[in-house]
Peer 1: 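Following this message is one structure expressed as structure tokens.
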Amino acid sequence: MVDTPVPQPKRPKIPTIPVRPPMPPRQPQAPRPQQAARPPQQSAQKQAAPATAPVAQSGFDKFRGKIFKKENGSDKLRVIVLGGAEEVGRNCTLLEYGNDIIIIDLGLEFPNEEMPGVDYIIPNMTYLKGKEKNIRGVIITHGHYDHIGAIPHTVPFIGNPPIFALPVGAAIIKRRQTDFQTRPLNVKVTKITDVLQLGQFKVSFFHINHNIPDSAGIVVETPVGTVLHTGDWKFDFHPTGTEHADFQRIADLGKKGVLCLMGDSTNSMNAGHQVSEKVIGEELERIIEKAKGRIIFGTFASLLSRVKQILEISERLGKKVVLDGFSMKTNVEIAKELGYIKVSTSTLITMEQIDSVPQNRVVVVCTGAQGEKNAALNRIATDEHRAIKIDPTDTVVFSSSVIPGNENAVQRLKDIFYRKRATVIHKDIMDVHAGGHAYKEDIKLLLALTKPRYYVPIEGNHFMLRENASVAYSMGMKEENVFVVDNGQVMEFTKEGGKLTKEKIPAEHVFVDGLGVGDVSQVVLRDRKELSEDGMVVVVVKFDAKTLRVVGTPDITSRGFIFQKDMTEINDAITVIVTKALSASNGGNAVDPAALRDKVRDEVGNFLFARMERRPMIVPVIMEV
């Protein structure tokens, strides 16, 4: 994490693409609407480049040799959720009709504690191997990493299709791409009123509320009907820095007829309506105004609506704000460039200036509210921060929800601040956070407005999808018209109706670990987990190739098993076991090192479990001298 601000050159205004004019009306005698002209295809040489060597490097070649050549029937729309139907994150949906494919979102998922060493997880692109030329575009709902985070690892290796995103999302994608050494992305900045003709798909947008600017639902008009994809959404009648959702447009879509609605499930288990940002702003203002000392806000860098509130309230009350965390500074800079955040330059100060301002006029906005080890808030708590040490007059505000799996880390962080006698505020105490996802009553209103023929809950764990489905049932939808899918499961729609098939395409996790993409498998994770639980014992055995006798004593080293000083007795016992294993293995014949390794691993493993009821990883090393 970078602490000091990185000066950035002023970026030119991002141009927008022109709105495509409406298609001319068809003549009555035409048997079917004319298919829109497709963009000119690249040369065969250019098409082949991303599908050969780069694909192998990307890690999506797990199913090497399997090229999915089955073409979609011309009258069938295939809809496949590649990520986000079994977890919170990794959101990605694919629509395919004939030889046309579009993708909605390409997000990442953060690992859980069962995935040691993994940075994050991205959608599996194996199905698109050999179909790169059919991909007409990637449509982005908004700029959160669980919807755009996989772009640098996927788009360059699936033919580099155009990426269509509203200004804030497009700016975050472009800025993040500077950290990756891949071919340039083809990012198209769109407006909420734009209409895109992508092959046989006519794509448009509708404004929806979330906790980042430029959030939109996606409308996909297909030859068999209209599909709506909500992205992350909520209804907020008093949002921050934007308007409430476009209810008129949503209702008009419902009147015209919606074949399938794909809806966010993240907060579908909560009754009532989502809290408005107006309520949160009023509470934040009371906290900032009455604080006796510094106020330290921990929140998501991408939660720009909350950051905007804090900055504007602080300026109004005469406070000075310091931003900490590289992603926080970057996102605020983007929001300022696009005019979403408007504060005086005198309101923002650097970390070097913080001691020159009275403590009761200082507001710190930083990352790390999820308990991340290297984030700013954790460094402040553990006295590792270069400029901030916690004082009993400080107020620490956790203005974010807790991502499932981070509960223990967040609670440990809160305990540290409590021990230092700071005032700690979180959403269970005051209204300092409103989620960006719809509650049950919000979902009911959306269903009433759109009146979809089919409903597909997405974006959540399985229980969240089931809770979302139950809301649809309560609105009178039949169970056979509500598809609760798994990742990779194919849905098919025709003009007659839709069905959830038993066909599944590859949707397994693709792990990103450092610079490696897809080279960490479940076997590697199992080994890492085993090492973290019971440690490792390495047994190095030397034997004479002529006499088939052990030379010296085995060299035994352990890590994470027991203290090395206590290994003497165990070493002696292992030496006897290894000697017996060697004698039993050769039988007067040449020693098979592979068989001897297996024998030593089994015998030593059984001995250690019988002796200590532990199962460390046994690594036998057999050396012939």
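Computation of the quantities below employed the complete heavy-atom set of this structure, encompassing side-chain atoms and omitting hydrogens, waters and symmetry-equivalent molecules.
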Peer 1: Contact between Q489 and K502 at the side-chain level, heavy atoms closer than 4.5 Å - yes or no?
Peer 2: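 No, every pair of side-chain atoms sits at 4.5 Å or beyond.
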Peer 1: Decide yes or no for I172 and Y145: does some side-chain heavy atom of the first lie under 4.5 Å from some side-chain heavy atom of the second?
Peer 2: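 In contact.
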Peer 1: Kindly assign one of parallel, tilted or perpendicular to the pair H153 and Y120, based on the angle between their ring planes and the thresholds 30° and 60°.
Peer 2: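 H153 vs Y120 ring planes: tilted.
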Peer 1: Which pair of non-hydrogen atoms, one from T367 and one from S327, has the smallest distance, and what is that distance?
Peer 2: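 Smallest interatomic distance, heavy atoms only, reads CG2-OG, 3.7 Å.
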Peer 1: How many angstroms lie between atom CG of L465 and atom CG of D264, to the nearest 0.5 angstrom?
Peer 2: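 Answer rounded to 0.5 Å: 10.0 Å.
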Peer 1: Step by step, would you call R306 with S399 a side-chain hydrogen bond (donor to acceptor under 3.5 Å, both in side chains)?
Peer 2: CA-CA 8 Å; R306 190 68 34 75; S399 185; 3.0 Å; yes
Peer 1: Please check if the side chain of E508 supplies one atom and the backbone of P123 the other of a donor-acceptor pair under 3.5 Å.
Peer 2: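 Looks like no, no N/O pair under 3.5 Å.
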Peer 1: Start with the C-alpha distance between T240 and I280, add both sets of side-chain angles, then the distance that settles side chain to side chain contact (heavy atoms under 4.5 Å, CB included), and finish with yes or no.
Peer 2: CA-CA 10 Å; T240 298; I280 306 304; over 6 Å; no
Peer 1: Quick check: do I458 and F483 have side-chain heavy atoms less than 4.5 Å from each other?
Peer 2: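 Of all side-chain heavy-atom pairs linking F483 with I458, none is under 4.5 Å.
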Peer 1: If we ignore hydrogens and angles and just use 3.5 Å, is the side chain of H207 paired with the main-chain N or O of E243 as donor and acceptor?
Peer 2: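 Between the backbone of E243 and the side chain of H207 there is a qualifying donor-acceptor contact (under 3.5 Å).
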Peer 1: Find the distance between NE2 (H462) and CD (E467) and round it off to the nearest 0.5 Å.
Peer 2: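 Spacing of NE2 (H462) from CD (E467) equals 11.0 Å.
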Peer 1: So C92 and M125, do their side chains get closer than 4.5 Å, heavy atoms only?
Peer 2: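 A side-chain contact under 4.5 Å exists here.
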Peer 1: Return yes if some donor-acceptor pair links the side-chain N/O of K234 with the main-chain N/O of G435 below 3.5 Å, else return no.
Peer 2: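 Pair found, side chain donor or acceptor close to backbone of G435.
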Peer 1: Closest heavy-atom contact between S470 and K440?
Peer 2: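 Closest approach of S470 to K440: OG-NZ, 4.1 Å.
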Peer 1: Side chain to side chain contact (heavy atoms under 4.5 Å, CB included) between V365 and V332: does it pass, once the steps are laid out?
Peer 2: CA-CA 11 Å; V365 184; V332 170; over 6 Å; no
Peer 1: Would the distance check show the side chain of D214 and the main-chain N or O of V168 forming a donor-acceptor pair, the cut-off being under 3.5 Å?
Peer 2: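 Yes, because the side chain of D214 sits within donor-acceptor range (under 3.5 Å) of the backbone of V168.
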Peer 1: Pairing donors with acceptors under 3.5 angstrom, does anything connect the side chains of Y455 and N468?
Peer 2: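 N468 and Y455 do have a side-chain donor-acceptor pair below 3.5 Å.
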Peer 1: Compare all side-chain heavy atoms of L94 with those of L128 and state whether any distance is below 4.5 angstrom.
Peer 2: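 Touching, per the 4.5 Å side-chain cut-off.
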Peer 1: Examine distances only and state if a side-chain atom of S268 and a backbone atom of M464 form a donor-acceptor pair shorter than 3.5 Å.
Peer 2: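 Confirmed, S268 side chain pairs with M464 backbone.
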Peer 1: Between I104 and V220, does the side chain to side chain contact (heavy atoms under 4.5 Å, CB included) criterion hold? Intermediate values first, please.
Peer 2: CA-CA 10 Å; I104 300 176; V220 184; 4.3 Å; yes
Peer 1: What's the separation between atom CD in E87 and atom CD1 in I121, rounded to the nearest 0.5 Å?
Peer 2: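 Atom-to-atom, E87:CD and I121:CD1 are 7.5 Å apart.
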Peer 1: Side-chain contact test, heavy atoms from C-beta onward, threshold under 4.5 Å: evaluate it for L185 versus N160 and give yes or no.
Peer 2: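 Result yes, sub-4.5 Å side-chain heavy-atom pair found.
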Peer 1: Please check if any side-chain donor atom of D105 sits under 3.5 Å from a side-chain acceptor atom of T141, or the reverse.
Peer 2: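 Checked: D105/T141 side chains pair up, N/O donor to acceptor below 3.5 Å.
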Peer 1: Any idea which heavy atoms bring I443 and A438 closest together, and the distance?
Peer 2: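 Where I443 meets A438 most closely, the heavy atoms are CG1-CB, 4.0 Å.
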Peer 1: Show your reasoning for whether side chain to side chain contact (heavy atoms under 4.5 Å, CB included) applies to E86 and V81.
Peer 2: CA-CA 10 Å; E86 300 175 23; V81 179; over 6 Å; no
Peer 1: Counting only N and O atoms by type, is there a donor-acceptor contact under 3.5 Å from the side chain of E277 to the main-chain atoms of Q309?
Peer 2: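 Looks like no, no N/O pair under 3.5 Å.
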Peer 1: In sequence, state the C-alpha distance, the side-chain angles, and the governing distance for R175 and E337, and then conclude on salt bridge (charged side-chain N to carboxylate O under 4.0 Å, His left out).
Peer 2: CA-CA 13 Å; R175 186 68 60 87; E337 288 177 0; 3.7 Å; yes
Peer 1: Run through I250, L259, V219, L446 and flag the one making a side chain to side chain contact (heavy atoms under 4.5 Å, CB included) with L228.
Peer 2: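 Looking at I250, L259, V219, L446, the match for L228 under the side chain to side chain contact (heavy atoms under 4.5 Å, CB included) is V219.
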Peer 1: For the backbone of G368 and the side chain of Q370, can you confirm whether one donor and one acceptor N or O come within less than 3.5 Å of each other?
Peer 2: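 A pair under 3.5 Å: no.
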Peer 1: Working to the nearest 0.5 Å, report the span between CD1 of I135 and NZ of K133.
Peer 2: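 Between I135 CD1 and K133 NZ, I get 10.0 Å after rounding to 0.5 Å.
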Peer 1: Would F493 and Y454 count as a close aromatic pair, with their ring centres under 6.0 Å?
Peer 2: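 They qualify: ring centres under 6.0 Å apart.
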Peer 1: For the atom pair NZ (K202) and CD (E221), what is the distance rounded to the nearest 0.5 Å?
Peer 2: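 Between K202 NZ and E221 CD, I get 5.0 Å after rounding to 0.5 Å.
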Peer 1: Does P239 offer a backbone N or O that forms a donor-acceptor pair with the side chain of N209 under 3.5 Å?
Peer 2: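 Not confirmed, N209 side chain does not pair with P239 backbone.
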Peer 1: Within a strict 4.5 Å, meaning less than it, do heavy atoms of the N186 and P161 side chains meet?
Peer 2: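 Counting from C-beta outward, N186 and P161 never come under 4.5 Å.
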Peer 1: Roughly how far, to the nearest 0.5 Å, is CD of E492 from CD of E96?
Peer 2: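 One finds 10.0 Å between CD of E96 and CD of E492.
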Peer 1: With heavy-atom distances below 4.5 Å as the criterion, would you say the side chains of Y340 and S305 are in contact?
Peer 2: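 In short, these two side chains touch, coming nearer than 4.5 Å.
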Peer 1: For L77 versus V224, what's the shortest heavy-atom pair and its separation?
Peer 2: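 Closest pair (atom of L77, atom of V224, distance): CB-CG2, 3.7 Å.
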Peer 1: Look only at the side chain of N124 and the backbone of V510, and say whether a donor-acceptor pair between them is shorter than 3.5 Å.
Peer 2: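 No.
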Peer 1: Check R136 with D100, please: is the shortest side-chain N to carboxylate O separation under 4.0 Å?
Peer 2: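 The answer is yes: the pair qualifies as a salt bridge.
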Peer 1: Give a yes or no on whether the backbone of F300 and the side-chain of S400 come within a donor-acceptor separation of less than 3.5 Å.
Peer 2: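 Judged by distance alone, no pair lies under 3.5 Å.
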Peer 1: Return the minimal non-hydrogen interatomic distance between P156 and I151, and the atom names on each side.
Peer 2: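 Looking at all heavy atoms of both residues, the shortest contact is CD-O, 3.5 Å.
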Peer 1: For a quick check under 3.5 Å, do H147 and D232 share a side-chain donor-acceptor pair by atom type?
Peer 2: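 Side chains of H147 and D232: pair found under 3.5 Å.
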Peer 1: For Q274 and Y439, work out which heavy atoms get closest and say how close.
Peer 2: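 Minimum heavy-atom contact is NE2-CE1, 3.3 Å.
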